[in-house]
Amino acid sequence: MTNPALAQAFSDLAKLMEYRGENAFKIRSYQNVADTIKKGDVDFAALPKPELLAVEGIGAAIADKIAELVNTGQLDLYRRYVEDTPAVALQLLTVKGLGAKKVRQLVAELQVGSVGELLQAVDENRVAGLKGWSGVSQAKLRAQLLFFQESQARLRYASALPLAEALLASLRPHTSRVEFTGQLRRQAITVDAIELLAIYSEPLRAALASQGFVEAFDAGYAIAQFRLLESVPPQLIYLTGEAAFEREWLTTTGSPEFLDDHAALRDTRETTETQIFAEANMPFVPAPQREPSSPYPPTPADKVIAIADIRGVVHAHTTASDGSATLDVLAKAVQAAGYTYLTITDHSRAAFYANGLTPERRRAQAAQIDAYNEQHPGFTVFKGTEVDILRDGTLDFADEILAELDIVIASVHSVLDMTPADATERLLRAIANPYVTMLGHPTGRLLLSREGYHPDMPAVLAACAEHAVAVEINASPMRLDLDWTYVPLAVELGVKISINPDAHSATGIENIRHGVLAAQKAGLRKGDCLNCLEADEFSAFLLSRKRARGILQ
């Protein structure tokens, strides 16, 4: 069992216990161990009990529960709570921003049995009449519930990928070829179906039947379709003949809008994808870019950024704020992964929940980084911060603190319920600060969990271009923000994109992979990606930008 799965199990248990009004100390201990496991760089499932007991916050009872999860895949205590908890409460406890106490109040006082019934209560204005609620909080709840409903039966790409890879591996022995198709092949940031295309064989048909797949028929496809009915999201396998494979691969890969916009692709006689595009007198469109028509031409596959093009790790947190790795540990992991520089961007003081740094602690960390660089020639650690953009658009650190740093990433972490106009103005004011190097996760969204807010992104990107501020694709699979759909506009305006892992642990640098996948979908080129620069080039960029903004002479 993976660390994220273990952490989620304890977090879910803590929520259920809080809903049931159980002992606050036990609840806090389970939530704390969830946080410890989530941030850890060791495989907790593989640790012997003595080593588990040596971890702060893990006692004998929790160590036994970890063993139970590893050995059985579940917790009996959690199962018992689930059996005694209304189904609607179990659903509502997964709604981002809706705490256990509020859930208990809504279920008990409104006597609702489903999310739909709660939405009805909202529309009848019954929530606003409850203690602690208002018209504003009721409207916010309505938006949360609608977002929850729309997000069901979808998975983040990072969550769907291991399921799809396991399915692919199980089918490979039974066919001469099987490949990802549909949203998986397009590298969609979230997927509502796991789709594979395979060459037909009788052993493959038998293997599908043994796994619970049933044959279905869909007028949209001229090939056999097998569906795992109870899977969420659905798992679909398309079977075709060898000669027709690539034609059907093209048909099942492209979005419906892409295929409708390029109907000539359906009328060709050729069989390989490359030949089909050529016969249709179209430039070849790489699979990730086969989405609805865009005013931007497709980027050729050999020009699209690859993970090997990334040279440095930008946006990382250490134990100084809410990371789990020290500077030394993180730097070693970055070098072991083949990168040549690292920016340390721990949180600023307003992020109290993340142990944000005071100005004094920030200066102490800068001195630590200077000492590290002196002792480790050939690898560069840049001094930085992820500074909070406050509600009015000012920054959480004064200019004299920011002036001491190599890089400043400005991000919003709070007050995400602003109007689009206010959200835009907030970002524009931050971008205009001459010390801001980069805008972090511009909308604050958490995929399938929190919608974030909706600034006028064209205006925000135009301001970034005006003030020479880069924009990150935050590569956390929970964020992938800036959304890939805005990347071509940013590039057209001359804004540099940085693919940042937002690493909170040594293993967190692996998030870069997910950011690159999103960037490939946008057709980003190496030359438009800031952290494709070598360390000396990256340093020169930072210095030249400061000179251009009048910070350095």
Side-chain angles (χ1 to χ4, degrees), residues 313-323 326-327 330 342-373 380-416 418 422-423 425-444 455 460 463-464 466-472 474 481 498 500 502-504 530 538-539 541-553:
V313 173
V314 178
H315 194 161
H317 301 270
T318 71
T319 50
S321 63
D322 61 344
T326 63
L327 166 61
L330 194 57
L342 165 68
T343 76
I344 297 297
T345 50
D346 278 309
H347 289 284
S348 62
R349 57 191 169 184
F352 59 89
Y353 52 86
N355 192 31
L357 274 63
T358 62
E360 294 74 23
R361 291 172 61 214
R362 171 67 59 205
R363 288 193 171 105
Q365 185 185 66
Q368 179 190 17
I369 292 172
D370 285 339
Y372 181 93
N373 284 331
T380 305
V381 178
F382 292 94
K383 301 187 291 285
T385 181
E386 184 183 16
V387 63
D388 267 39
I389 302 173
L390 304 180
R391 184 173 191 146
D392 63 356
T394 59
L395 301 182
D396 188 31
F397 279 139
D399 286 355
E400 55 263 30
I401 299 296
L402 302 178
E404 299 169 358
L405 302 172
D406 300 314
I407 182 170
V408 173
I409 300 176
S411 303
V412 170
H413 291 104
S414 61
V415 194
L416 295 174
M418 302 177 83
D422 288 344
E425 184 59 33
R426 181 185 189 181
L427 292 181
L428 294 183
R429 184 171 182 184
I431 291 165
N433 185 299
Y435 294 96
V436 171
T437 318
M438 187 179 299
L439 181 63
H441 46 74
T443 73
V460 168
C464 288
E466 178 185 353
H467 297 287
V469 171
V471 179
E472 77 169 5
N474 187 293
D481 181 19
S498 187
N500 300 346
D502 197 356
H504 285 72
L530 183 59
F538 185 78
S539 179
F541 170 87
L542 297 178
L543 291 172
S544 66
R545 190 197 167 280
K546 286 186 175 184
R547 292 190 185 98
R549 299 299 299 273
I551 298 170
L552 291 178
Q553 298 302 315

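Side chains are part of it too, since the values below use all heavy atoms of this structure and drop only hydrogens, waters and symmetry mates.
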Backbone N or O of A316 within a donor-acceptor pair of the T345 side chain at under 3.5 Å?
yes
Under the side-chain contact (heavy atoms from CB on, under 4.5 Å) rule, collect the residues that match up with D406, sequence neighbours excluded.
F382, K383, L542
Could you state the interatomic distance from CG (L543) to CZ (F538), rounded to the nearest 0.5 Å?
10.5 Å
Rounded at 0.5 Å granularity, tell me how far CD1 in I407 sits from CE in M438.
4.0 Å
Determine, stepwise, if the pair T380 / S539 fulfils side-chain contact (heavy atoms from CB on, under 4.5 Å).
CA-CA 9 Å; T380 305; S539 179; over 6 Å; no
Determine yes or no for a side-chain-to-main-chain donor-acceptor pair under 3.5 angstrom, with R361 supplying the side chain and G356 the backbone.
yes
For V412, is there any backbone N or O sitting under 3.5 Å from a side-chain donor or acceptor partner on D388?
no
Atom pair CG/CG of N433 and D399 - distance to nearest 0.5 Å
5.0 Å
Applying side-chain hydrogen bond (donor to acceptor under 3.5 Å, both in side chains), run through R545 and T437 and close with a yes or a no.
CA-CA 8 Å; R545 190 197 167 280; T437 318; 4.9 Å; no
Hey, could you give me the OG1/CD1 distance between T343 and I409, rounded to the nearest 0.5 Å?
5.0 Å
Between R426 and D392, does at least one N-O distance fall below 4.0 Å, as a salt bridge requires?
no
Approximate separation, where rounding is to 0.5 Å, of H413 NE2 and D396 CG
10.5 Å
Between L530 and S498, which heavy-atom pair has the shortest distance, and what is it?
CB-CB, 4.2 Å
Pick from V471, V436, I389, V460: which one makes a side-chain contact (heavy atoms from CB on, under 4.5 Å) with I431?
V460
Closest contact, heavy atoms only, L428 versus A463:
CD2-CB, 3.4 Å
When you measure from the side chain of R349 to the backbone N and O of P359, does any donor-acceptor pair fall under 3.5 Å?
no
Donor-acceptor side-chain pairing of D502 and N474 below 3.5 angstrom
yes
Determine yes or no for a side-chain-to-main-chain donor-acceptor pair under 3.5 angstrom, with N500 supplying the side chain and H315 the backbone.
no
Could you check whether the rings of H317 and H347 sit parallel, tilted or perpendicular, using 30° and 60° as the cut-offs?
parallel
Using a 3.5 Å distance criterion without hydrogens, assess whether the side chain of R362 forms a donor-acceptor pair with backbone atoms of G384.
yes
What's the separation between atom CG in L342 and atom OG1 in T318, rounded to the nearest 0.5 Å?
9.5 Å
Compare every heavy atom of S321 with every heavy atom of D346, then report the nearest pair and how far apart it is.
OD1-OG, 2.5 Å
Run D322 and N355 through side-chain hydrogen bond (donor to acceptor under 3.5 Å, both in side chains) and show every step you take.
CA-CA 6 Å; D322 61 344; N355 192 31; over 6 Å; no
Within the distance-only criterion (no hydrogens, no angle test), does the side chain of E472 pair as donor or acceptor with the backbone N or O of H441 below 3.5 angstrom?
yes
Heavy-atom closest pair, residues F397 and L357
CZ-O, 3.2 Å
Evaluate the side-chain proximity of D481 to P442: yes if any heavy-atom separation is below 4.5 Å, no if none is.
yes
Ignoring hydrogens, what is the shortest heavy-atom contact between S411 and E386? Give both atom names and the distance.
OG-OE2, 2.8 Å
Using every non-hydrogen atom in the two residues, find where A430 and L395 come nearest and quote the distance to one decimal.
CB-CD2, 4.0 Å
State whether the number of non-hydrogen atoms from other residues, nucleotides or ligands found under 6.0 Å of R391 atom CZ is greater than 12.
no
